[in-house]
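Labels below follow one simple rule: chain letters A, B, ... track the order of the sequence lines, proteins then strands, and each chain is numbered from 1.
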Protein chains: 2
Amino acid sequence: MRHRVSIAAKLEELERLCREHGLPLTVQRRAVLEALMQRHDHPTADQVAEDVALRLPGVSRTTVYRVLDTLVRINIARKVCHPGAAARFEVESHRHHHLVCVECGHMIDLEDSRLDELPFPESEVHGFQLTDYSIQFRGTCAACGRKSGAAKPEIPLHQRRRERNPSQTGKNS
Amino acid sequence: MRHRVSIAAKLEELERLCREHGLPLTVQRRAVLEALMQRHDHPTADQVAEDVALRLPGVSRTTVYRVLDTLVRINIARKVCHPGAAARFEVESHRHHHLVCVECGHMIDLEDSRLDELPFPESEVHGFQLTDYSIQFRGTCAACGRKSGAAKPEIPLHQRRRERNPSQTGKNS
DNA sequence: CTGCCTGCAAACGATTTGCACCAGC
DNA sequence: GCTGGTGCAAATCGTTTGCAGGCAG
């Protein structure tokens with residue numbers, strides 16, 4: 001069990017963040033965050049929903065999806081990239097990394113020789129046979145240009161929806 | 001336009017890889033690879049399908065999906081993780097990285113202080129405001145334990161399917 | 001000639017949305 | 001009480017699968 005941050009502390013953080021963002025602190029939000037914290041893997045929304053259902057029956061799957069979305073928005077949770085779920089492709093080539101906009105998902109390649117020779121971790125302890133790596137830098141793209149603190153979003157949080165139109169990605173060179 | 005590797009060279013590589021894997025070299029495979037190479041963003045399968053449709057009308061979306069899958073399998077293309085498409089969550093906490101199995105998608109956390117202070121790239125040129133990063137180490141997990149060269153897969157390439165059951169991810173600590 | 005690949009259409013699973021009701025502040 | 005959150009069910013989107021015929025080797 002690895003608890004860098006206690007669940008209680010995180011719940012307080014949730015409370016604070018909700019207040020800052022003017023979001024009601026609902027039992028569902030609390031339950032989803034608790035459920036997420038008790039798993040140390042990277043559960044899918046549905047897995048979280050299952051866990052939530054155990055501690056707070058009656059919470060709908062839809063709500064879990066929405067709450068997770070909110071938690072990500074207020075920066076208390078994060079969506080993890082996963083090849084099994086990903087849907088974007090590139091040609092396999094030289095080592096490079098990605099700049100990813102957490103707002104809209106816009107993503108561009110990055111090459112930086114300083115980052116090309118990182119030490120490989122002792123993956124053997126995990127039974128992993130590593131062959132490659134790439135770094136994902138998270139932030140805000142020019143278009144989204146959000147204040148990094150997210151203190152006062154132009155658009156109310158609950159109205160913002162993840163950018164879904166992948167055509168935007170086409171604007172990089 | 002950045003072409004580290006010429007399209008022609010990649011097509012030759014495709015030819016070679018197909019031969020090595022005992023896969024027929026079809027016009028569709030060629031077309032999909034070409035389409036993918038001509039984009040420098042990270043297109044979705046559907047976007048690739050659109051491009052392919054322009055140069056080789058009549059290629060079905062299904063085929064594009066299958067071909068992309070094949071290209072990834074023979075290591076000439078890669079699925080890129082993308083938050084907009086991902087479906088796994090974790091609590092936002094200290095910096096950590098991920099070991100990801102390219103076979104089954106199994107993913108575990110990794111902490112390595114050597115990797116915690118990487119230099120941030122000159123993201124301003126791209127208009128990005130970076131706040132964080134995480135490294136994705138790709139490889140093969142213990143369970144999959146594939147020979148990294150993929151020279152002689154136990155299971156014929158065309159029969160292998162990506163592991164889709166997320167419950168496996170639950171086995172890490 | 002044989003087997004894999006492709007195209008089509010239907011199936012599928014995950015996620016999102018519209019609407020009415022309920023709860024937090 | 002007002003505003004936004006939630007639940008339900010239906011819609012949607014991306015992706016996969018079964019099957020018959022076509023093409024590469």
- Does a salt bridge link A:D69 with A:R73, judged by any charged N lying under 4.0 Å from a carboxylate O? yes
- Looking at D:dG7, does its base get a donor-acceptor pair with the side chain of A:R66 below 3.5 Å? yes
- Message: Under 6.0 Å between ring centres: does that hold for A:F137 and B:F128?
- Response: no
- Item | Atom pair distance, as rounded to whole Å: OH in A:Y65 and C1' in D:dC13 | 13 Å
- Message: Quick check for you: among C:dC5, D:dG5, C:dT16, whose closest atom lies nearest to any side-chain atom of B:R29?
- Response: C:dC5
- Looking only at side-chain atoms of B:V59, point me to the closest of D:dA9, C:dG7, D:dT6. C:dG7
- Does OP1 or OP2 of C:dG24 have a side-chain N or O of A:Q28 closer than 4.0 Å? no
- Message: Rounded to whole Å, please give me the gap between CG in A:L56 and C1' in D:dG7.
- Response: 13 Å
- Message: If the threshold is 4.0 Å, N to carboxylate O, is there a salt bridge linking B:R19 and B:E15?
- Response: yes
- Note on the structure: Between CZ of A:R19 and C1' of D:dG4 the distance, given in whole Å, is 17 Å
- Item | Where B:D51 and B:A35 come nearest, the two heavy atoms and their spacing | CB-CB, 3.9 Å
- Roughly, in whole Å, what's the span from CG in A:L71 to P in D:dG5? 12 Å
- Rounded to the nearest angstrom, tell me the gap between atom CD1 in A:I74 and atom P in D:dG5. 11 Å
- Message: From CG of A:L68 over to P of D:dT6, roughly how many Å is that when rounded to an integer?
- Response: 11 Å
Report each atom pair, protein N/O against N/O of nucleotides 22-25 of chain D, whose distance is under 3.5 angstrom.
residue : atom : partner : partner atom : Å
D:dG25  : OP1  : B:L25   : N            : 3.4

- Message: In this structure, how many angstroms lie between the P atom of D:dG14 and the CD atom of B:E50, rounded?
- Response: 10 Å
- Just checking, is any N or O donor in the side chain of A:D109 or B:H42 under 3.5 Å from an acceptor N or O on the other one? yes
- Item | Touch class at under 4.0 angstrom, heavy-atom based, for B:G22 against every strand present | nothing
- Message: I'd like to know if A:T62 reaches the base of D:dA9 with its side chain, counting only an N/O donor and acceptor under 3.5 Å.
- Response: yes
- Message: Which residue is it: B:Q136, B:E90, B:R138? I am looking for the one with a side-chain hydrogen bond (donor to acceptor under 3.5 Å, both in side chains) to B:H98.
- Response: B:E90
- Could you check A:D46 against A:R61 for side chain to side chain contact (heavy atoms under 4.5 Å, CB included), going step by step and ending with a plain yes or no? CA-CA 7 Å; A:D46 277 353; A:R61 191 146 309 210; 3.2 Å; yes
- Query: Given D:dT6, D:dT16, C:dA14, which nucleotide is nearest the side-chain atoms of A:T63?
  - Reply: D:dT6
- Note on the structure: Out of C:dA14, D:dG5, D:dT15, minimum distance to the side chain of B:A45 belongs to D:dT15
- Item | Between C:dG13 (C1') and A:R61 (CZ): distance, integer Å | 11 Å
